[in-house]
There are 2 protein chains.
Amino acid sequence: MGEKSSTDMIHGNLDLLVLSALADERKYGYLIQQSLAAASAGMVHVQAGTLYPLLHRLEAEKLVRSSWDHSTGRKRKWYELTPAGRKRLTHQADQWQQYAECMSRMLRGALGSALSPAGGTL
Amino acid sequence: MGEKSSTDMIHGNLDLLVLSALADERKYGYLIQQSLAAASAGMVHVQAGTLYPLLHRLEAEKLVRSSWDHSTGRKRKWYELTPAGRKRLTHQADQWQQYAECMSRMLRGALGSALSPAGGTL
DNA sequence: ATGATATACATAGACAGGCGATACATGAAC
DNA sequence: GTTCATGTATCGCCTGTCTATGTATATCAT
């Protein structure tokens, strides 16, 4: 019930993930969704209702730019990183790394105690 | 100023951090605040307006239990993990670890490309 | 051909977590 | 006696994510 899906931890890092998905090549929304799912081995499911507004926001912030492709039957909106977006990607990835290491350190310490609690409540 | 503070990434993991702060010994709110800041070398600043409601929520979920101490001049509300809380801590820490590794893998891949972009836009 | 499913984009409303502001009370320092 | 650190608490706001819904085309099985 109270279980939080792993996608819950994503909060605040979705920008980063989407940016990272665009690092190697331009992609359209649906493709970003698929490639994130693939790259994360199914851990990351970005909902369409989350992704598209997010993409619009990134574009408004000039971190990505888009162009429509009507040549195929299904219209696709291709997104690519702007230089600013690429810069943001590296910066934010770096920040995340620092944060993750910090968390790991803290959790390692706590888990040591968790296995042998002071109160001996177990 | 679209800069997000590192505390922004905390979203959804604050429960976990607070739980971890209580792993080794019982603490009261203000002390949790201080010890998290110390353990994270200043990276994690839990606001009072965030912490206390969170603590109440954890207690409602039976993950922690509290008791007032009026013996000193300043009244303090001491919190300690329940067995359920300890279980949640280990479980959630494990989940986080998996998630973090996943993120790291994805970012490493992306950053490789970020330094040598396909479009050569740099 | 008809209907189900996958592709593809989009918006709207609800919800929850975290933040800033504010409040109040005690103890210590000056 | 006033200022600062301690200590707990609530409220309203913002933002990010989710669910539900809507539209339209391509593909595949029946």
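Lettering follows sequence order; numbering is per chain, from 1.
Looking at the side chain of A:H11, the nearest of the listed nucleotides D:dG7, D:dT17, C:dG18 is D:dT17. With D:dA9, D:dT17, C:dG18 as the choices, the nucleotide that has an atom nearest any side-chain atom of B:L54 turns out to be C:dG18. Candidate nucleotides C:dC9, C:dG18, D:dA9 were compared by shortest atom distance to the side chain of A:W68, and C:dC9 ranks first. Candidate nucleotides C:dA10, D:dA9, D:dT8 were compared by shortest atom distance to the side chain of A:H56, and C:dA10 ranks first.
What separates CE of A:M9 from P of D:dC18 is a distance of 13 Å, to the nearest Å. Look at CG on A:L58: it is 15 Å from P on D:dT15, rounded to the nearest Å. The CZ atom of B:R57 sits 10 Å away from the P atom of C:dA16 (whole-angstrom rounding). Rounding to whole angstrom units, CG of residue B:D69 and P of D:dT6 are separated by 17 Å. Counting to the nearest Å, the C1' atom of C:dT7 and the NZ atom of A:K77 are 17 Å from each other. At whole-Å resolution of the value, CG in B:L51 and P in C:dC19 are 11 Å apart. A straight line from CG of B:L55 to C1' of D:dT8 spans 10 Å, rounded to a whole angstrom. Atom CD in B:E61 sits roughly 8 Å away from atom P in C:dG17 (whole-Å rounding).
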*In sequence, state the C-alpha distance, the side-chain angles, and the governing distance for B:L16 and A:L107, and then conclude on side-chain contact (heavy atoms from CB on, under 4.5 Å).*
CA-CA 9 Å; B:L16 178 53; A:L107 290 181; 3.9 Å; yes
_Criterion side-chain contact (heavy atoms from CB on, under 4.5 Å) on A:I32 and A:L55, from CA distance to verdict_ = CA-CA 10 Å; A:I32 293 174; A:L55 247 10; 4.2 Å; yes
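If you check residues 28-35 of chain B against DNA chain D, the residues with a heavy atom closer than 4.0 Å are B:Y28, B:G29, B:Y30, listed by number.
Contact annotation: the side chain of A:W78 never approaches that of A:E80 to less than 4.5 Å [non-hydrogen atoms, C-beta and beyond]. Taking 4.5 Å as the limit, every side-chain heavy atom of B:R88 sits out of range of all side-chain heavy atoms of B:D15. Side-chain atoms of B:L22 and B:L89, non-hydrogen and from C-beta on, never get closer than 4.5 Å to each other. Side-chain contact check for B:M106 versus B:C102: some heavy-atom pair is nearer than 4.5 Å. Between A:W96 and B:S104 there is a side-chain heavy-atom pair separated by less than 4.5 Å. Between A:Y52 and A:K77 the shortest side-chain heavy-atom distance does not fall below 4.5 Å. Contact check for B:L58 versus B:L19: side-chain heavy atoms found under the 4.5 Å cut-off.
Side-chain contact check for A:R105 and B:S40: no donor-acceptor pair (N or O, by modelled atom type) lies under 3.5 Å.
At the heavy-atom level, B:W78 lies nowhere under 4.0 Å from the strands shown. Residue contacts for B:L14: at a heavy-atom cut-off of 4.0 Å it reaches the sugar-phosphate backbone alone, with no base atom in range.
Taking the six-membered ring where the residue is Trp, B:H70 and B:W68 present parallel rings, their angle staying beneath 30° rather than reaching 60°.
The shortest distance between the side-chain N/O atoms of A:K75 and the OP1/OP2 oxygens of D:dT23 is not below 4.0 Å. At D:dC18, one or more side-chain N or O atoms of A:Q47 fall inside 4.0 Å of OP1 or OP2 (strictly under the cut-off).
Of the candidates A:Q95, A:Q97, A:M103, A:E101, A:M103 is the only one forming a side-chain contact (heavy atoms from CB on, under 4.5 Å) with A:Y99.
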Pairs under 3.5 angstrom, nitrogen or oxygen only, protein versus nucleotides 11-14 of chain D, please.
none

Distances for protein N or O near nucleotides 25-28 of chain D N or O, under 3.5 Å:
residue	atom	partner	partner atom	Å
D:dT25	O2	A:R74	NE	3.3
D:dA26	O4'	A:R74	NH2	3.0

